[in-house]
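Notes for the one structure printed next.
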Amino acid sequence: MSWLTDIARPEIANLKSYEHAAWEPQLERLHANELPWRALGDNSEAGLNRYPEPQPRELISRLASLYDVAPQSVLAGRGSDEMIDLLVRVYCRAGKDAVALCPPTFGMYSVSAHIQGAQVICVPLRADQGFSLDESALLDRCAAGVKLVFLCSPNNPTGNLLSEEAILHILARLAGRALLVIDEAYIEFARAPSLVRHIEPFPQLVILRTLSKAYGLAGARCGALLAHPEIVTLLRKVIPPYAIPQLTVEAALRLLQEPQLALVKDRIERLRAERDRVSEALRASPAATRVWPSDANFILVEFADPDLALAAAREARLLIRDVRKQPGLGQALRISIGTPEQNSRLLEALT
Ligand SMILES: *Cc1c(COP(=O)(O)O)cnc(C)c1O
C-alpha cells in the first residue's frame with residue numbers, strides 16, 4: 001500500500017468487499033440463486049438468466065490492448081460517468097475534501113462531487129487564450145483537501161486539447177497528495193496521442209476512456225478507467241459486483257474486432273472532414289461571430305443571435321446544445337457533427 005491508498009477515505013481503504021459468487025465457468029452454477037432456464041427469446045451467448053462475470057476477463061484484456069496498458073490497470077464500468085462517481089466516492093470525505101476543476105467543462109465532475117458532499121474548487125480555463133489551462137492558478141488553489149483534479153482533453157464543450165507540458169507540470173506537483181484525472185472521451189478525434197503512457201512514471205495519473213463516442217456505443221454504456229493497479233483495486237471495492245450487463249459485454253466484444261475497428265477509423269476520418277467543412281462554412285457566415293477550433297466531434301460556435309440560431313436549427317428538426325450558462329460562453333452553442341446530410345441541413349438553416 002502506498003500514498004495512493006493513504007489519501008483515500010479510510011472507510012474505503014479498510015472496507016471488506018462484497019464477496020460475489022465464485023466465477024468458475026468450468027462448473028455448473030448452483031451457487032448464485034439463478035434460474036436454470038433462459039427466458040423466452042434470450043439470444044445472448046451466455047444466457048441472461050446468469051449473472052455476468054464481474055470485470056469480465058476477456059473484455060478487460062481487449063480494453064487493455066485497445067488502450068495499450070496492462071490488464072491490472074483497467075477498470076471497466078457503465079461509462080466514464082460511473083468512473084467519475086467512483087473516484088469521488090472513494091477519495092473525498094463529505095464536508096472535508098475537495099475536487100478541483102476548470103470550467104467551462106463537462107458537468108458530471110461537479111455533479112458527482114456535490115452528490116458526495118465534496119467541495120468544488122473552480123479554476124476557469126483562460127478563454128482569452130484558447131481555453132488553455134491556468135497552470136499557476138490551478139496549483140495555487142490545490143491546497144490540502146483537494147484529492148482529485150479533473151481535466152478534460154479535448155475539453156467538452158470547448159473542443160480544445162490541453163497542453164501536455166502544463167499537465168506534466170501539474171502532475172509532478174500533485175505527487176503524494178492528489179490524483180489528476182484526465183477525461184479523454186474525445187481523444188480518438190484529436191491529432192494527439194493519449195496521455196496514458198505517463199501512467200507508469202506518474203501513479204497519480206488517472207485516464208478515463210469511453211466506448212460512447214468514437215466507437216459509437218453510447219447506448220451500451222461501457223467506459224474504462226486506466227490507472228495504477230492500486231487505484232483500480234480500491235475502486236473495485238466500491239463498484240457494484242455485477243456492474244456491466246451481459247448484453248453490453250457481448251456487444252463490446254463483438255464490436256472491438258475487425259472489421260468493425262477498421263470502420264471506426266474510417267468514420268473518425270469522415271467525421272474530421274465534416275468537422276472541417278462545417279467549421280469553414282460557419283466561419284464564412286455573418287451569423288457566426290466565432291468558430292473555435294476543435295479536436296473533438298463537436299464544435300463550439302459563438303453566434304450574433306444564439307436564440308435565433310437555436311430556433312432555426314429546431315425549424316430544420318435539429319437539436320444543438322445551448323451552453324451559454326457556462327462561465328465565459330455568453331453567446332456560444334455546441335454543435336455535434338452529424339452525417340453530411342444533417343450537417344448540410346444545419347448549415348442551410350444557420351447561414
Ligand atoms: C460524453 C462524455 C463522456 C462519456 O461518458 P460515458 O458515461 O462514457 O458515456 C465522458 N466525459 C466527457 C467529457 C464527455 O463529454
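Order of appearance sets the numbers: ligands from 1, and atoms from 1 within every ligand. Model, not experiment: these values are computed from the prediction. In what follows, every heavy atom counts, from backbone to side chain, and hydrogens, waters and symmetry copies are set aside.
An N or O contact shorter than 3.5 Å links Thr210 to ligand 1 by distance.
The aromatic rings of Phe202 and His198 stand perpendicular to each other, their planes meeting at an angle above 60°, with 30° marking the opposite boundary.
Checking Arg267, Arg272, Lys265 one by one against Glu269, the side chain to side chain donor-acceptor pair (under 3.5 Å) holds for a single residue, Arg272.
With a 4.0 Å heavy-atom cut-off, ligand 1 is reached by the side chain of Lys213 but not by its N, CA, C or O. For Arg221, every heavy-atom contact with ligand 1 shorter than 4.0 Å involves the side chain, none the backbone.
Across Cys142 and Arg177, no two heavy atoms sit closer than the pair O-NH1, 2.7 Å.
Sorted by first then second residue, the ring-ring contact (aromatic ring centres under 6.0 Å, His included) pairs that include residues 136-184, not counting sequence neighbours, are Tyr109-Phe150.
Remark: minimum distance from atom 11 (N) of ligand 1 to any protein heavy atom is reached at Asp183 OD2, 2.6 Å. Protein heavy atom closest to atom 15 (O) of ligand 1, with residue, atom name and distance, is Tyr186 OH, 2.6 Å.
Residue contact check for ligand 1: Cys152 places a non-hydrogen atom closer than 4.0 Å to it. Assignment of Ser80 to the shell around ligand 1 is supported, since a heavy atom sits closer than 4.0 Å.
Heavy-atom contacts of Ser212 reach the following atoms of ligand 1: 6 (P), 8 (O), 9 (O) (cutoff under 4.0 Å). Those atoms of ligand 1 that come under 4.0 Å of a heavy atom in Ala185, given as number and element, are 2 (C), 3 (C), 10 (C), 11 (N), 12 (C), 14 (C).
For Arg78 (side chain) and Ala243 (main-chain N/O), a donor-acceptor pair under 3.5 Å exists by modelled atom type. Put simply, the side chain of Asp42 gets close to the backbone of Leu48: a donor and an acceptor are under 3.5 Å apart.
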**Message:** Evaluate Asp6 against Met1 for side-chain contact (heavy atoms from CB on, under 4.5 Å), listing each step before the verdict.
**Reply:** CA-CA 8 Å; Asp6 294 338; Met1 262 185 18; 4.3 Å; yes
